[in-house]
Amino acid sequence: THAVADKLLEHGADKDYINKLFRNDRATYNTIANLIVNGTVLKQYSKDFKELGISFNLNKEFPNFIYTQEELAKAADLQIEFKDTDAAFAMGYIRPELVGISARSSSDSINVGKIMESLNGGGNAHSAGTQIITNDIEGIEDKLIQIVENFLSLQDSPVVNLEPDLTTDTQHFKRYRKQKRRKKDN
């Protein structure tokens with residue numbers, strides 16, 4: 001994002017305008033704060049003599065609230081700024097029956113890209129995400145915690161199978177993505 005801002009400045013863009021692009025409006029800030037305040041579960045783990053804090057964010061007060069993907073990303077970004085948090089997973093509905101998860105890590109001990117791949121998502125070691133068709137967001141949170149715990153206990157092993165038991169939701173989502181791609185191609 002900063003590279004884009006630099007390019008815009010090089011081409012004569014107004015500095016004040018660019019600065020505003022990086023700021024939140026109050027409604028967005030309140031939405032993100034609500035997700036964090038009403039739904040953060042901070043779990044502490046030990047791995048290779050390191051203490052790791054992992055934040056799982058799901059708004060327990062309003063679990064069916066619809067977020068934008070950007071709001072989930074910003075919530076995860078904000079969480080890893082805290083000293084006690086090495087990785088953060090912010091989740092919420094991004095439309096009815098479609099859960100988005102945004103994951104961030106500030107530690108080389110937690111590869112959020114690999115964790116999100118196990119939920120048919122992707123990304124890299126420090127920034128990743130996924131989308132899952134379901135109406136059971138709390139079940140997804142439980143699965144995610146289980147996957148993270150499996151990952152932490154197995155990551156040094158050469159063979160890691162993190163596939164969750166979400167076969168019907170996953171199959172449905174894969175079909176949905178194929179249909180969407182076909183519509184784009186036509």
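Quick caveat, the model's predicted, so the values are computed rather than measured. Residues take their numbers from the sequence shown, with the count starting at 1.
Rounding to the nearest 0.5 angstrom, the gap separating the CG atom in Asn120 from the CD1 atom in Ile133 is 11.0 Å.
Between the side chain of Ser105 and the backbone N or O of Ile110 there is at least one donor-acceptor pair closer than 3.5 Å. Distance alone, capped at 3.5 Å, is enough to place a donor-acceptor pair between the Ser153 side chain and the Asn150 backbone. A distance-only check finds no donor-acceptor pair linking the side chain of Asn135 to the backbone of Glu97 [under 3.5 Å].
Criterion: ILVMFWY side-chain heavy atoms under 4.5 Å apart, direct or through other members. Under it, Ile145 and Ile137 are part of a common hydrophobic cluster. Ile80 and Leu78 fall into different hydrophobic clusters, defined by Ile, Leu, Val, Met, Phe, Trp and Tyr side-chain heavy atoms under 4.5 Å apart, directly or through other members. Taking hydrophobic clusters as Ile, Leu, Val, Met, Phe, Trp and Tyr residues chained together by side-chain heavy-atom distances below 4.5 Å, Phe151 shares a cluster with Met91. Linking Ile, Leu, Val, Met, Phe, Trp and Tyr whenever their side-chain heavy atoms come within less than 4.5 Å puts Tyr45 and Phe89 in one cluster. Residues Phe56 and Leu119 share a single hydrophobic cluster, defined by chaining ILVMFWY side chains whose heavy atoms lie under 4.5 Å apart.
Scanning both residues, Glu71 and Ile32, for their nearest heavy atoms gives O-CG1, 3.8 Å. Minimum heavy-atom separation, Ser102 to Gln69: CB-NE2, 4.5 Å. Looking at every heavy atom in both residues, Ala76 comes nearest to Ala90 through N-CB, 3.9 Å. Between Ala87 and Val112 the shortest heavy-atom distance is CB-CG1, 4.5 Å. Taking both residues in full, the closest heavy atoms of Ala75 and Leu35 are given as CB-CD2, 3.6 Å, listed atom of the first, atom of the second, then distance. A pairwise comparison of heavy atoms in Thr40 and Ile36 identifies OG1-O, 2.6 Å as the closest pair.
The number of heavy-atom neighbours closer than 6.0 Å to CD of Glu70, taken from other residues, nucleotides and ligands shown, is 12 or below.
Considering Asp84, Asp86, Asn57, Leu42 in turn, Asn57 is the only one that fulfils the side chain to side chain contact (heavy atoms under 4.5 Å, CB included) rule with Gln79. Of the residues listed (Leu152, Thr130, Ile147), the one engaging Ile115 in a side chain to side chain contact (heavy atoms under 4.5 Å, CB included) is Ile147, and it is the only one.
Taking 4.5 Å as the limit, every side-chain heavy atom of Ile140 sits out of range of all side-chain heavy atoms of Leu58. Looking only at side-chain heavy atoms (C-beta outward), Lys74 and Tyr29 stay at 4.5 Å or farther from each other. In this structure the side chain of Ser107 reaches within 4.5 angstrom of the side chain of Leu52, judged on heavy atoms.
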Could you go step by step and tell me if Thr68 and Thr28 meet the side chain to side chain contact (heavy atoms under 4.5 Å, CB included) rule? CA-CA 10 Å; Thr68 66; Thr28 300; over 6 Å; no
Before giving the answer on side chain to side chain contact (heavy atoms under 4.5 Å, CB included), spell out for Asp108 and His126 the whole-Å C-alpha distance, their side-chain angles and the decisive distance to 0.1 Å. CA-CA 8 Å; Asp108 290 333; His126 298 287; 3.3 Å; yes
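Under the side-chain contact (heavy atoms from CB on, under 4.5 Å) criterion, Leu8 pairs with Val4, Ala13, Ile18, sequence neighbours left out.
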Atom pairs and distances, side-chain donor-acceptor, residues 60-67, under 3.5 Å, sequence neighbours left out:
from	atom 1	to	atom 2	distance (Å)
Lys60	NZ	Glu141	OE1	2.4
Lys60	NZ	Glu141	OE2	3.3
Tyr67	OH	Asn59	ND2	3.1

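For Arg104 and Ser106, the side-chain atoms include no donor-acceptor pair closer than 3.5 Å.
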